[in-house]
Amino acid sequence: LNRSRAVFIMSSTDPLDLIRLSIDERVYVKCRGGREIRGKLHAYDPHLNMILEDVEETIKETEADESNGEEKVKTTKRKMEMVFLRGDAVILISPPLRTTLNK
């Protein structure tokens with residue numbers, strides 16, 4: 001593939017196609033406020049509002065230890081059956097890892 005052909009291929013594909021291909025699969029979503037969500041993607045819209053099922057949310061908060069001034073990271077996890085995630089909170093979406101073995 002030469003460089004001009006690669007640019008053409010990338011520009012002719014809608015970035016949301018990657019998300020569309022992840023429907024009914026588990027995805028990783030990084031959100032504002034130190035939140036990370038993993039769940040099965042059921043639906044999304046152009047604003048990246050999403051409906052996820054079988055969700056695990058991880059919240060990481062940094063707290064200062066007053067006795068020695070060091071920062072500690074507090075991690076909280078919770079599970080939910082179904083979540084509506086508002087798109088303006090989304091920083092990153094990672095689709096499931098797809099590997100192909102050529103044997």
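These figures come from a predicted structure and were not determined experimentally.
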(request) To the nearest 0.5 angstrom, please state how far the CZ atom of R26 sits from the CG atom of L41. (result) 11.0 Å
(message) More than 12 heavy atoms of other residues, nucleotides or ligands under 6.0 Å from CD of E66: yes or no?
(response) no
(request) Determine whether R20 and D14 make a side-chain contact, defined as any pair of heavy atoms from C-beta on separated by less than 4.5 Å. (result) no
(message) When you group the ILVMFWY residues by side-chain heavy-atom contacts below 4.5 Å and let the links chain together, are I91 and I93 in the same group?
(response) no
(request) Over all heavy atoms of both residues, which pair between D24 and K40 is shortest? Give the atoms and the distance, please. (result) O-CE, 3.5 Å
(request) To the nearest 0.5 Å, tell me how far M80 CE sits from D54 CG. (result) 10.5 Å
(message) Hydrophobic clustering (ILVMFWY, side-chain heavy atoms < 4.5 Å, transitive) - are L48 and I23 grouped together?
(response) yes
(request) Check whether any side-chain heavy atom of V27 sits under 4.5 Å from a side-chain heavy atom of I19, and report yes or no. (result) no
(message) Quick check for you: to the nearest 0.5 Å, what is the distance between L16 atom CG and S22 atom OG?
(response) 11.0 Å
(message) Is the shortest side-chain heavy-atom distance between D88 and H47 below 4.5 Å?
(response) no
(request) Examine M82 and I37 and state if one hydrophobic cluster contains both, with Ile, Leu, Val, Met, Phe, Trp and Tyr joined whenever side-chain heavy atoms are less than 4.5 Å apart. (result) no
(request) Please examine the side chains of Y44 and L85, heavy atoms only from C-beta on, and report whether any two atoms are closer than 4.5 Å. (result) no
(request) Could you grab the distance from atom NZ of K74 to atom OG1 of T62, nearest 0.5 Å is fine? (result) 12.0 Å
(message) Just verifying a value: how many Å separate H42 NE2 and E25 CD, rounded to the nearest 0.5 Å?
(response) 12.0 Å
(request) May I ask you to decide whether E56 forms a salt bridge with R38, counting only side-chain N to carboxylate O separations under 4.0 Å? (result) no
(message) Given 3.5 Å as the limit, does a donor-acceptor pair link the side chain of R78 with the main chain of I59, or not?
(response) no
(request) List for me each residue that meets side-chain hydrogen bond (donor to acceptor under 3.5 Å, both in side chains) alongside N68, sequence neighbours excluded, and say none if there are none. (result) none
(message) Working note: E57 + V83, criterion side-chain contact (heavy atoms from CB on, under 4.5 Å); need CA distance, chi angles, decisive distance, verdict.
(response) CA-CA 10 Å; E57 178 184 35; V83 169; over 6 Å; no
(request) Drop me the distance from K60's NZ to K77's NZ, to the nearest 0.5 angstrom. (result) 8.0 Å
